[in-house]
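Each remark here refers to the structure printed beneath this line.
Letters A, B, ... mirror the listed sequences (proteins, then strands); counts begin at 1.
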Amino acid sequence: MVNITINGKLVQAYEGEMLLAAIRRENIDIPALCHHEAVEPYGACRLCMVEITKNEWDGWKNHVTSCLYPVEEGLIVNTHTPTVIELRKTILDLFLASSPHSTVIKKLAAEYGITRTSYEEVPDSTDCILCGLCTRICDKMGFSAISAVGRGHGKEIAPPLKEPPPDCVGCLSCAYICPTHYIQFTDNGKERTIWGKKFKLLRCEKTGLPTITEEFAAYLIKHREIPEDYFKINDLSHRRELALKMGQITQWGREA
Amino acid sequence: MKQDFTTIPSIIARHPRKASSLIMILQDIQKEFNYLPEEAMRKTAETLEVPMSKVYSVATFYNAFSLVPRGEKLIRVCVGTACHIRGSKVIREQFENELKIKPGETTPDMKYSLEVVGCVGACAMAPVVMINDKYFGSVKTSRIKQLVGKG
């Protein structure tokens, strides 16, 4: 264990973990849009910025992204100093200029007292803040169907050649993880569309309810050692089957 | 311009078959074809076992790579700080008028491509124009017609 001080309180943190994890465990609310436990920290949104110092640093202080800074013995962390709040406000102000219509950004900025950006709003803005969560989760899932394309002002998240991505299986992980709900998809229970690619949904043989896409099921069967008939029924039916089996076992137990 | 894609595998084979060879391979392909043909990117991804999305991401990130065929002569107008101060804007406009294309475009006869670049590291001779590998310093608008014929 590592001893650190967060906002004046002495706390213990696990060796190797990042500051953000220790801060959140203390129920201190600091924003972070590009962070998710499922993927490696990335430090793109800069919102989790905190002030750090140590007694032996002679008053020297530094501002770091807490999602990327590993805990250190004797570290003194302050999450809401005037400078930190000012930094966070500036970042939110910039986000508000690049994504002025995002409800998530607007809400977060309002919490810090910003209702309008002091910069010029970006023309043809999108709600995408380029946090990279979608590409990181897509890599982690093993598909790498989408990636950052271009650079600077023209940078965007897109499939290769901006065509419907051949490697996408329609799992929707990117859409679910997107912090600003920018990634759109349609799903009518029969067919699903995301990134311009259409997918057919499998149906549970027992309940008739849609489950996952054919491509996703095929991938899981091939790469995750899941039995081939697993996706013939949905989770609910699996649970029902299991409950019946458990009931039988209990019955046998009683009879024996 | 060479459009014989059969050389692609041999270009890729010049480099170790690992992900870190990606940029070197793309550079060699760019040199050979003057742009990155789709087939070449696909073949590279397949050979190095790198996702196509990553190849495309790298190919679109660096200005040294082009995804569309470039003309025989690549005219780069520097619009870096020093060149900007010394009037690169009018130089650029003059080239646009002369070639009837915008930066990033190629003339229909595939002879010229126009590009604006950040800094070519020759600020002392600003404003600078590069035509293929040659540098031209202290460029004046009156010289541009002549420059288009040169390089």
Counting heavy atoms not belonging to A:Y182, are there more than 12 under 6.0 Å from its OH? no
For B:R86, does the CZ atom sit with more than 12 other heavy atoms under 6.0 Å from it, leaving out its own atoms? no
With rounding to the nearest 0.5 angstrom, report the OG1 to CD distance, B:T60 to A:E156. 9.0 Å
On a heavy-atom basis, the closest approach of A:R151 and B:Y62 is NH1-CA, 4.0 Å
Please determine, among B:A59, B:P51, B:S57, the option with the most heavy-atom pairs under 4.5 Å with chain A. B:S57
I'd like to know whether NE2 of A:H223 has more than 12 heavy-atom contacts from other residues, nucleotides or ligands below 6.0 angstrom. yes
When the 4.5 angstrom heavy-atom criterion is applied to A:A148 and chain B, the contacting part is both
In short, A:L161 meets B:R42 closest at the heavy-atom pair CD1-NH2, 3.1 Å
Do B:F61 and A:K155 have side-chain heavy atoms sitting under 4.5 Å apart? no
Is the number of heavy atoms from other residues, nucleotides or ligands under 6.0 Å of A:K197 NZ greater than 12? yes
Polar side-chain atom of B:S53 near backbone of A:S144 as donor-acceptor pair, under 3.5 Å: yes
For A:Y14, is the OH atom crowded, meaning more than 12 foreign heavy atoms sit under 6.0 Å from it? no
Going from CD on A:E163 to CD on B:E38, what distance comes out if it is rounded to the nearest 0.5 angstrom? 5.5 Å
State whether the number of non-hydrogen atoms from other residues, nucleotides or ligands found under 6.0 Å of A:N188 atom CG is greater than 12. yes
